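Excluded from the calculations below are hydrogen atoms, water molecules and symmetry mates; all remaining heavy atoms, backbone and side chain alike, are included. On a predicted model such as this, the values are computed, not experimentally measured, just so you know. Each chain gets a letter, A, B and so on, in the order its sequence line appears, and its residues count up from 1.
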2 protein chains.
Amino acid sequence: MQAVWLEETSDSLMVTNLSKPGRGAGEALVRVDLAGICNTDLELIRGYSPFAGILGHEFVGTVEDCDGPLLGKRVVGEINIVCGHCAHCLGGRSTHCENRAVVGIRERPGVFAEYVVLPVSNLHRIPDELPDEVAVFVEPLAAALQIQEQVEIHESDRVAIVGDGKLGNLIAQTLDLTGCRLTVIGRHEEKLKPLRERGVSTTTDPGSISNVDVVVECTGNAQGFATALNLVRPRGTLVMKSTYRGRLEFDAAAIVVNEIIVVGSRCGPFPPAIDLLKSGKIDVGQLVDRTYPMGEALDALTYAAQPGVMKVLLKPAEGRGF
Amino acid sequence: MQAVWLEETSDSLMVTNLSKPGRGAGEALVRVDLAGICNTDLELIRGYSPFAGILGHEFVGTVEDCDGPLLGKRVVGEINIVCGHCAHCLGGRSTHCENRAVVGIRERPGVFAEYVVLPVSNLHRIPDELPDEVAVFVEPLAAALQIQEQVEIHESDRVAIVGDGKLGNLIAQTLDLTGCRLTVIGRHEEKLKPLRERGVSTTTDPGSISNVDVVVECTGNAQGFATALNLVRPRGTLVMKSTYRGRLEFDAAAIVVNEIIVVGSRCGPFPPAIDLLKSGKIDVGQLVDRTYPMGEALDALTYAAQPGVMKVLLKPAEGRGF
């Protein structure tokens, strides 16, 4: 099968042919129908964290082989493959399993391929009425929803999002549903426009707001973090919701003097993300930038890495050999 | 009166003679009986934040002039002088008052002097049985107790403190009272010893523990922060409880991937600190390193800045002209 293989750095990124994987007990063989490129994929290519293998973790697919009722069904998959018996798994935080592998990120083949094998317990069925182009957003939407698992957002809260990229947009749409007083801060008028058309307040001038109760940093860079720290009120909350490569320098005194709460945020819950997409309350159509065939994945990744590009999708070839 | 004057940098630090301050309406003239040197004083001398004026904010004194029942009484004083009508004051976080002055830190004369003027509402009466050498610890003990205002500590929690200085010691003693599973990590056997003698677990090897629920960083340096971040479990809490000068570099990805909660912590509540000192449950005797006369304050500050030195106290001259 065709797959996008990374050998730790961009020098050895390639589309290659690999044999179709076999599944073990409790696992499902899933045909990938559509996959999405995430900033984490781009950061892995840039060397964010050592990984050798098939890239990719956002996908929707169809179960070709497994035991149980999911056979033949359309599914999405949680990306952490966990042991179930370490302190974190037993402590109710299995996404932090000490022995975890992470699809396309750590010690587990990813989804930029024609097939992927996942534990059946990682899979969630997708309703028939949800097109692939929508279902492929379940994983990043779940990540956006994780913020609300960690931080209580009230209607009266002033909330700011720093960053108008694809994750910032999804977070904006989810937080807007809480009824909070939301402002999205970005650099690109054209990326803020669809949010504004949905009634979300946006600005390109971070100086125009201050003293927000909660700020979500989605840029992944030091400047965005500094902006966020500047916006949040004393005893307010700063959510770090991005992939940060390397070290970040920040004003530690500001965090102490203003008693800021900084919350790191990663993977989120799939079922509410699926429900939300089913409800039609989240518009992911505005997020899709381009769709490439899997064979042109290197072009797709190069394109996705350009500033201002939104979600780029990868589609395995039609009429594959099965 | 004799006072320790800082003109923004150590070059212009001096003990000088100033006129005795006058009090305004709602204020008290307090004779300083004993003052304590805090790391923040040392950082101000090093240029942590621009300040010109009398240094110092930890003290115990006697009210010489005021309206009301505190006249003639022994007192300690809260260090934030607040407006009472800004959003933060009205929002229940008056220590973050937008218009605040801070005694000896920001736009308000400090306590390294024979007299200080404070709003009566900032003062707390000290029980007669509490010696000056104990009462002078109310302000830093309140700061230590602020951690428990911000983070719920359970008996089952594994808690680590990084730093064995005077603030680390006070925090250790307060957290030990919660019954949590506490370990203090320090570099100095002689500073850890008094804690160990009280039954607190200590170590000089941060590698000997891991996966703690809550870690308190009291070193104020990047290495201490890195150690703390390394110790805390996924979704655990890292409290920043120190004066950080300048910028700090940290592993942002670790905070996101492990979904760490970082909490900045500053001033705390005085009444429980006074009660705790009165109860005898906190031993501050082990913390006093040396006491200097106010006239030798420059020597005292130089001594206090040496690594490993614990609390240095300043005593205005006996038999002053009143």
Chemist: Chain B: which of A:Gln150, A:Gln146, A:Lys241, A:Arg233 shares the most heavy-atom pairs with it under 4.5 Å?
Modeler: A:Arg233
Chemist: Side chain, backbone, both or neither: which part of B:Ile260 has an atom under 4.5 Å from a heavy atom of chain A?
Modeler: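 Contact with chain A involves the backbone of B:Ile260 alone.
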Chemist: Given a strict heavy-atom distance threshold of 4.5 Å, which part of A:Thr95 is in contact with chain B: side chain, backbone, both, or neither?
Modeler: side chain
Chemist: Quick one: does A:Glu139's side chain get under 4.5 Å of A:Phe270's, heavy atoms only?
Modeler: yes
Chemist: Just by distance, do the side chain of A:Glu217 and the backbone of A:Gly220 share a donor-acceptor pair under 3.5 Å?
Modeler: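 Yes, A:Glu217 side chain to A:Gly220 backbone: donor-acceptor pair under 3.5 Å.
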Chemist: Which one, B:Val263, B:Asn258, B:Val257, leads in non-hydrogen pairs under 4.5 Å with chain A?
Modeler: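 Top option by heavy-atom pairs under 4.5 Å: B:Val257.
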Chemist: Can you tell me if B:Glu43 and B:Thr243 form a side-chain donor-acceptor pair at under 3.5 Å?
Modeler: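 Checked: B:Glu43/B:Thr243 side chains show no N/O donor-acceptor pair below 3.5 Å.
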Chemist: Measure from the side-chain N and O atoms of A:Arg106 to the backbone N and O of A:Phe51, and report whether any donor-acceptor pair falls under 3.5 Å.
Modeler: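 Such a contact is absent between A:Arg106 side chain and A:Phe51 backbone.
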Chemist: Does the distance from a Lys or Arg side-chain N to an Asp or Glu carboxylate O, for A:Glu259 and B:Arg93, drop under 4.0 Å?
Modeler: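 Looking at A:Glu259 and B:Arg93, the cut-off is not met.
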Chemist: Looking at A:Ser242, A:Ser49, A:Ser265, which one has more heavy-atom pairs under 4.5 Å with chain B than the rest?
Modeler: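 Among the listed options, the one with the most contacts to chain B is A:Ser265.
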Chemist: What part of B:Glu98 lies closer than 4.5 angstrom to a heavy atom of chain A: side chain, backbone, both or neither?
Modeler: side chain
